[in-house]
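Numbered from 1 within each chain, the chains take letters A, B, ... in sequence-line order.
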Protein chains: 2
Amino acid sequence: MFNSYRAVLNLPESKWEEFQCYYNRLEVPARTILLQEGEISKRAYLIEKGCVRVWFNNDGMDTTFQFFFENESVSSVESFRRQIPSPVTVETVEPCVLHWIHKDDLDQVFGDIYSDPANSAALSEMLFERQLHYMKHCISFIKHSPADRYVQLLRESPHIIQRVPQHYIASYLGITPVSLSRIRKKLMREGKI
Amino acid sequence: MFNSYRAVLNLPESKWEEFQCYYNRLEVPARTILLQEGEISKRAYLIEKGCVRVWFNNDGMDTTFQFFFENESVSSVESFRRQIPSPVTVETVEPCVLHWIHKDDLDQVFGDIYSDPANSAALSEMLFERQLHYMKHCISFIKHSPADRYVQLLRESPHIIQRVPQHYIASYLGITPVSLSRIRKKLMREGKI
DNA sequence: TGGATTTCTTATCTTTTGTTAACGTCCGGG
DNA sequence: CCCGGACGTTAACAAAAGATAAGAAATCCA
């Protein structure tokens, strides 16, 4: 299996074994809904292969919040942690090989996570890292134009642009597919693509 | 003194006393720079009275990232935690009464924070809460127009609009002061303000 | 009080983005 | 092999936002 969490949390071998055995392998086609907006999330997923998208309904429009790829874990974090109706839908973009763990099992395994100061520190570091990530994402919206953000995405996360349909990327950038098409055309004219 | 942290972390009385005594009272006028972009942050501030703004230089333009008010703590989190040059400037908007603690003292007091599982859990909860906050802030940029975001700010954080100069709010919303002025005019015409 | 600074508004023009609709391409299933 | 859905591009027009400049209003403080 993979070691996404292992790398971060440095679980002791025994716990790691226990942790692993709760995971369930799942193979699904593209455009499979893993969690519907409004449902209460019971599963956290690890991606072995494929791409998953988190999006929400915006006045009938499908708006992407985030993309996830190999060796990343994905869930509706708020719903999974707080057991409240999910504000977002989780859906595969490509055919995927996933591994999921049930909330109850994860709670079981992590029930005593705070009893080890090293684990607590690692968890806190992981959460802080995520906080910084979202802070930077916010700043990119305040600071840069859609065109700039597209160029940045192209530079920093080319795999997203290569593997995700363009209209999903448009909503991820906060613009319409038509506008993104125009931006791309202009960038091509200017030789920036 | 106040109890911003206390409410969140539920420190034992003894630790709380120790914690408090490291704080230094500081009174400053409006437009005082508490931390300059590029400096390494050594101080975390608690606001007793006043308003503080975190902003960054964007091609010579002054762009606001966040506002902080009474009973909130403010610092350049990344710089303070990692001891790297700050990507942002921290500056007072109004005359302020502040209380600051030195990084070294805070580390001292919190050195054994992870030894208590209850504290660890509380800290993790606080970090998760912040993660959600920034996630929601990102979503508001993808989901809503500047006009919508202004109306939302008016509804959810009227104190910001009452106490902060409008051109700071404009950059906080990711638009120009001129554009915000137009949006306000339109909202007034439509009786929404 | 009065002058300087900061802040806000307005006007004009340009650029960007949204909206809607049409059209072409690609791809998978019947 | 054709059909239909999904995807991308383009066009035309409307709406919104940026840039710049000028001037009014508010605020500060000496």
(request) Spell out protein contact along nucleotides 14-25 of chain C as letters: B when the base is contacted, S when just the sugar-phosphate is, - when no protein heavy atom is under 4.0 Å; keep the 5' to 3' order. (result) --SBBBB-----

(request) Only counting residues at least two apart or in another chain, list the ones meeting salt bridge (Lys or Arg N to Asp or Glu O under 4.0 Å) with A:R155. (result) none

(request) To the nearest 0.5 Å, tell me how far B:L154 CG sits from B:R149 CZ. (result) 14.5 Å

(message) Are the side chains of A:H137 and B:M135 in contact, using a 4.5 Å heavy-atom criterion?
(response) no

(message) For the residue pair A:S145 / A:Y150, report whether a side-chain donor-acceptor contact shorter than 3.5 Å exists.
(response) no

(request) Could you tell me the separation between the OH atom of B:Y150 and the C1' atom of C:dC8, rounded to a whole number of Å? (result) 12 Å

(request) Report the residues that fulfil salt bridge (Lys or Arg N to Asp or Glu O under 4.0 Å) with B:R31, sequence neighbours left out, ordered by chain and then residue number. (result) none

(message) Working note: B:E190 + B:K185, criterion salt bridge (Lys or Arg N to Asp or Glu O under 4.0 Å); need CA distance, chi angles, decisive distance, verdict.
(response) CA-CA 9 Å; B:E190 295 170 355; B:K185 189 181 179 184; over 6 Å; no

(message) Can you see whether B:T64 engages B:R53 through a side-chain donor-acceptor pair at a distance of less than 3.5 angstrom?
(response) yes

(message) Between A:F69 and A:H159, is the ring pair (Phe, Tyr, Trp, His ring centres under 6.0 Å) condition met? List the steps.
(response) CA-CA 9 Å; A:F69 296 87; A:H159 58 288; 4.7 Å; yes

(request) Under 4.0 Å from any heavy atom of chain A: name the first and the last nucleotide of DNA chain D that qualifies, 5' to 3'. (result) D:dA6 to D:dA12

(message) Angle between the end axes of the helix from C:dT1-D:dA30 to C:dG30-D:dC1, five pairs per end, to the nearest 10 degrees?
(response) 40°

(request) Would you please test B:F67 and B:Y172 for ring pair (Phe, Tyr, Trp, His ring centres under 6.0 Å) and show each step? (result) CA-CA 9 Å; B:F67 301 106; B:Y172 176 71; 5.1 Å; yes

(request) Go through the side-chain N and O atoms of B:S41 and B:S79 and say whether any donor and acceptor fall under 3.5 Å apart. (result) no

(message) Minimum heavy-atom separation for A:C51 and A:V164, please, with both atom names.
(response) SG-CG2, 4.0 Å

Please enumerate all protein N or O atoms sitting under 3.5 Å from an N or O of nucleotides 26-30 of chain C, with distances to 0.1 Å.
none

(message) We want to know whether B:Q66 and B:Y134 form a side-chain donor-acceptor pair, criterion being a heavy-atom distance below 3.5 angstrom.
(response) yes

